[in-house]
Amino acid sequence: MAHTHSDDHSGHDHGAGHVHGSTDKKRVLIAACLTAGFMVAEALGGLFTGSLALLADAGHMLADAIALGLAWYAFHLAGRPATGRLTYGFGRVKTLVAYTNGIAIFVIALWIVYEAWGRLQAPAPVLGGPMLVVAILGLLVNIGSFFVLNGGDRESLNMRGAILHVLGDLLGSAAAIVAALVILTTGWTPIDPILSVLVSLLILSTAWSLMRAAAHVLLEGVPPSLDRDLVAKDIEATVPGVREVHHMHVWSLDGTSNMATLHACLDDGVDAHQAVSAIKKRLASAHAISHATVEPEFGACADDGDDDDHDHEHDAAAHHDHHHQA
């Protein structure tokens, strides 16, 4: 019997996705404007007071204004329809931006550590009073940006990257306030570079987790919420007429929309169309896999003769091991 190839888009919740994307896009734009607007004031304040903590926070805010602008543009691109060349559309641009944001945070943090080491070797005078005023204003702006972004879609890697940048700014402003208070009360200026380094180290760990999550999506790894082999076994156990599921791949397009392809070996006499429909409904309802491509089979697998393919058991075991090692 000839194999049929079925592709389904019906599981996509386009309405909810568009609402999230539209509101997130506005939130990111507001945060970008707030960040860029105050970044200039903080940089001038850092130069005037001689505070590395303020300059470090201004550096964060400069990179963050650029990153938030890129995040906004990623949301803008994601709203464009798919094309003949980009059949999935531009949804993955958001993940690319999230990964790039993680790299940018690493670079900024390393620069701050380098500058702090120089300041510790040769302490510079710091004007505590003006530094405190600028730091407090910066904190208020960053708190505003954080609350604007925090109301968005927390599952979106792009939003997580944007929130991470603003959180770094918020911590930087808080550190600058503490440093200013210490300098005003004790005159001990090394607190300025020391707190700058501590903030950088705090941000680095979060940046690393963001980069790992974005890289996993870009490598088309199995989403953390799913186990490819358990999903296959569930289909075999719950869909009547399915004898075996193999050559199954599960991945996410952008960190929120899960997709799958699989071969379903059916019992003789089973209606292929009904079986494929039942498999897709099960994937959508039980496993949040909104887009599935299912190839029904009777008898031998059409790919068994391919030199480039492994047998079913070896293929499944290799993917299972890789999933648990990742």
Side-chain angles (χ1 to χ4, degrees), residues 9 11-39 60-83 86-105 108 140-171 203 206-218 220-221 223-225 251-259 284 288-291:
H9 293 265
H12 282 297
D13 189 353
H14 289 291
H18 286 166
V19 170
H20 265 311
S22 176
T23 57
D24 288 350
K25 181 179 174 182
K26 291 176 183 176
R27 289 174 184 277
V28 168
L29 182 60
I30 292 170
C33 292
L34 286 172
T35 302
F38 192 75
M39 177 271 297
H60 270 299
M61 294 186 84
L62 172 61
D64 293 351
I66 296 170
L68 290 167
L70 285 174
W72 173 85
Y73 189 60
F75 280 119
H76 177 69
L77 281 180
R80 292 186 179 180
T83 67
L86 293 169
T87 56
Y88 280 127
F90 296 82
R92 192 158 279 187
V93 173
K94 294 182 291 184
T95 308
L96 277 171
V97 169
Y99 188 79
T100 305
N101 279 345
I103 295 175
I105 293 168
I108 294 167
L140 294 175
V141 170
N142 290 322
I143 288 173
S145 297
F146 179 78
F147 276 110
V148 167
L149 293 176
N150 202 42
D153 182 10
R154 299 300 297 274
E155 297 300 313
S156 166
L157 285 175
N158 197 29
M159 282 298 288
R160 282 173 57 189
I163 291 170
L164 174 59
H165 273 284
V166 172
L167 186 60
D169 289 336
L170 202 155
L171 288 173
I203 299 168
T206 316
W208 177 248
S209 65
L210 174 68
M211 287 175 64
R212 281 189 64 183
H216 191 73
V217 171
L218 294 174
E220 298 191 339
S225 60
W251 71 100
S252 176
L253 183 65
D254 56 6
T256 57
S257 177
N258 298 329
M259 317 180 84
I289 296 175
S290 57
H291 177 113

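Positions are given from 1 along the sequence.
Under the rule for a side chain to side chain contact (heavy atoms under 4.5 Å, CB included), A104 has no partner lying at least two apart in sequence or in another chain. The side chain to side chain contact (heavy atoms under 4.5 Å, CB included) test applied to T87 returns no partner, not counting sequence neighbours. Contacts of L218 classified as side chain to side chain contact (heavy atoms under 4.5 Å, CB included), with partners at least two apart in sequence or in another chain: R92, T95, L96, Y99. With sequence neighbours excluded, the residues forming a side chain to side chain contact (heavy atoms under 4.5 Å, CB included) with F146 are N150, I163, V166, L167, L170, listed by chain and number.
Between W251 and E220, the closest heavy-atom pair is CB-O, 3.6 Å. The two residues R27 and V148 have their closest heavy-atom pair at NH1-O, 2.6 Å. Nearest heavy-atom pair across L34 and G144 is CD1-C, 4.4 Å. The two residues L253 and M259 come nearest to each other via the heavy atoms CB-SD, 3.8 Å.
Residues V141 and T35 fail the side-chain proximity criterion, which asks for heavy atoms closer than 4.5 Å.
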Pairs of donor and acceptor atoms involving the side chains of residues 65-79, under 3.5 Å and at least two apart or interchain, shall be tabulated with distances.
unit_1	atom_1	unit_2	atom_2	d
H76	ND1	K25	NZ	3.1

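A donor-acceptor pair under 3.5 Å is formed between the side chain of S252 and the backbone N or O of S257.
Here L29 contributes atom CG and D24 contributes atom CG; the two are 12.5 Å apart, rounded to the nearest 0.5 Å.
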